[in-house]
Amino acid sequence: MTENKEVRTRFAPSPTGFLHIGGARTALFNWLFTRHNCGKFILRIEDTDQMRSTDESTQAILDAMTWLGLNWDEGPFFQAKRVDIHRAMVEKLVAEGKAYYCTCTPDELEEKRKRALAENRKPKYDGTCRDRGLLRSPNSVVRFRCPDTGVTVVDDLVKGKISFNNEELDDLIIERGDDYPTYNFAVVVDDALMGITHVIRGDDHVNNTPRQILLYNALGYEIPVFGHVPMILGSDKTRLSKRHGATSVMAYKDMGYLPEALVNYLVRLGWAYGDQEIFSTDELINLFSLEAVGKSAAVFNPDKLLWLNQHYIKEYDHAKLVDNIRPFLIDRGIDASDAVFLSNVVNDLKSRSKTLVEMADGAGFYFEDELDYDKDGAEKFLKPEFAGHLKNVVEKLPDLTNYTKQGIEEFLKTMAEESNTKLKFIAQPLRIALTGKTVSPGIDEVMVTLGKEKVMKRIERAMQYIGSH
RNA sequence: GGUCCCAUCGUCUAGUGGUUAGGACGCUGGCCUCUCACGCCGGAAACCGGGGUUCAAGUCCCCGUGGGACUACCA
């Protein structure tokens, strides 16, 4: 609203599980909006549900944010540590007559709810305790006195103006029987006190917003700008959940995704800049705006994410890619300590790997001299009729001085010509001999990376195999 | 049930009254080729329905229909 006030946003997850895809996108939109406006991004952990909140979840969320590169400027703050503040605000509202104690029991309320539903009436609080002037008592709750006339308008940055008749809103509980504040009250107090200027969150919160605006007014706080971003759906168009596949951000890390790929994918779910598909982080910060975020929910498409990941693997900074693949190799018991060798391996593999897992799986043969030959491949190509070609290679290879991709390609092509055969009849047996598989990077690349010595040894071993089968 | 939101290829989307409705993923035909990829060239594929407004509607309005969210002493 105020033009030159510093933008302050927050991401406020509840630590009841891992950071999921939907939460990550909300965090991302907050982060991009904030960085674009040179504001401050605040992380607040909403842990007032003591039963379900865990420290592990908090840590997992922090780790996932960090992995994605969504750094925060303040926090993490913990909502549970602020209950004294919340209680003071509750008292203030009670003192001002804007809130009141209520002794209706959950059972009574449930009963009334059911009856209202059965009689086709709205199941809203009937105001039993509204004007009884009750005092605090064990298990009493505090309710906010909602105006029952008038209209509350939410001027949403992505959805536009949304208006609600206040009569639809009932007297919500702001402090529970255990003296803890409820969500709708705590967010308002915290957002206001933390100076949040823009509340960007999932659109599952739109119906909470008018109540919150009323609370802002009652507390005398300035109302922030709201932006409700659409949800992410699964392939069956229901809310994204485990049955649609992995929903935890860190699960994607483990599956060999690069954070940039996930960020690029997530941002394009609901946001677009013309026809552009690939965005660097800097571009996103420059180009992102909430006004350009679509209003409708989007289906999560794993195939497109995979494509993006492949793209990022191909284009990634080479040294960074090497660093990223290392843990996956170590997991497989591979000694990846030879930096030059590993770098070449990655180079061979990066145009043919959709994930780091795929790359690590494809890298095995480079590190293993005693190969298990692929059964079908061996049957087809490790046969006496090809032994001559292998022998030819072993004999002539020592004299090849230009041991490079080009040199080897030339070497093999010349050999094919001289032997009056097709290159594939030399390349395929060679491939099995060197990689154990029928599918691998280009044979010339493999030979360069492996080095002449290993190549010689592996071919000799393959020839022995042919001799003994 | 009530309140609120949403609606362009299967999916993500561009489009802001006049377009052969564009791009991307996926699918598919071809080229390249030592295998698999990469890359390149081509193809099929969409404006939910009905009424308006207008010379003209994917675009604006209304009504349907379909989806979703919320409707807790969870967040």
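Protein chains get the first letters and strands the later ones, always in sequence-line order, with residue 1 at the start of each. Atom set for the values below is all heavy atoms of this structure, side chains included, hydrogens, waters and symmetry mates excluded.
- Proximity note for A/Val439 (side chain, C-beta onward) versus B/rA75, B/rC36, B/rG23: the nearest is B/rC36.
- When the nucleotides B/rC34, B/rG1, B/rC5 are ranked by their closest atom to the side chain of A/Ile162, B/rC5 comes out on top.
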Apply ring pair (Phe, Tyr, Trp, His ring centres under 6.0 Å) to the pair A/Phe11 and A/Trp72, showing each step before the final yes or no. CA-CA 9 Å; A/Phe11 178 55; A/Trp72 54 95; 9.7 Å; no
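- Across the protein-nucleic acid pair, A/Phe300 atom CZ and B/rG68 atom C1' stand 19 Å apart, rounded to whole Å.
- Cation-pi geometry between A/Arg87 and A/Tyr180 is met: under 6.0 angstrom from the ring centre, within 45 degrees of the axis.
- Protein atom CZ of A/Arg211 is 14 Å distant from nucleotide atom P of B/rC74, rounded to whole Å.
- Taking side-chain N and O atoms only, A/Ser351 has no distance below 4.0 Å to OP1 or OP2 of B/rG39.
- Taking only side-chain atoms of A/Leu109, from C-beta outward, the nucleotide of B/rC73, B/rG23, B/rA69 with the closest atom is B/rC73.
- When the nucleotides B/rC4, B/rC6, B/rC74 are ranked by their closest atom to the side chain of A/Asn207, B/rC4 comes out on top.
- Contact check, A/Arg268 against B/rA14: no side-chain N or O comes under 4.0 Å of OP1 or OP2.
- The side chain of A/Gln310 lies closest to B/rA37 when the candidates are B/rC34, B/rU71, B/rA37.
- Taking the ring centre of A/Tyr316 as origin, the terminal cationic atom of A/Lys320 falls inside the region bounded by 6.0 Å and 45° from the ring axis.
- For the pair A/Arg211 and A/Phe144, the cation-pi test (distance below 6.0 Å, angle within 45°) is failed.
- One interatomic measurement links the two molecules: NZ of A/Lys354 to P of B/rC36, which rounds to 14 Å at whole-angstrom precision.
- Taking atom CZ of A/Phe425 as the reference point, atom P of B/rU33 lies 17 Å away to the nearest angstrom.
- Rounded to a whole Å, the CZ atom of A/Arg239 is 18 Å from the P atom of B/rC6.
- For the pair A/Glu108 CD and B/rC73 P, the computed distance is 13 Å after rounding to whole Å.
- Aromatic ring centroids of A/Phe288 and A/Tyr273 lie 6.0 Å or more apart.
- Between A/Lys424 atom NZ and B/rC34 atom C1' the separation is 9 Å, expressed in whole Å.
- Distance from the side chain of A/Arg143 is smallest to B/rC73 among B/rC73, B/rC25, B/rU3.
- You'll find that the side chain of A/Val206 is closest to B/rC4, out of B/rG1, B/rC4, B/rA72.
- For B/rU35, there is no paired base (Watson-Crick or G-U wobble, both distances below 3.5 Å).
- The A/Lys237 side chain lies nearest to B/rU11 when the options are B/rA37, B/rA75, B/rU11.
- For A/Glu277, whose side chain is taken as the heavy atoms from C-beta onward, the closest listed nucleotide among B/rA24, B/rG1, B/rU3 is B/rA24.
- For the pair A/Asp171 CG and B/rC73 P, the interatomic distance rounds to 12 Å; values are reported in whole Å.
- Here A/Arg201 does not reach the OP1 or OP2 of B/rA75: none of its side-chain N or O atoms lies under 4.0 Å away.
- For A/Asp444 and A/Gly274, each mapped to the nucleotide of RNA chain B holding its nearest heavy atom, the one lying further toward the 5' end belongs to A/Gly274.
- Counting atom types as modelled, A/Arg352 pairs no side-chain N or O with a base atom of B/rC38 as donor and acceptor under 3.5 Å.
- Closest to the A/Lys159 side chain, of the nucleotides B/rA75, B/rG1, B/rC6, is B/rC6.
- Of the candidates A/Phe29, A/Phe279, A/Phe33, A/Trp271 forms a ring pair (Phe, Tyr, Trp, His ring centres under 6.0 Å) with just one, namely A/Phe279.
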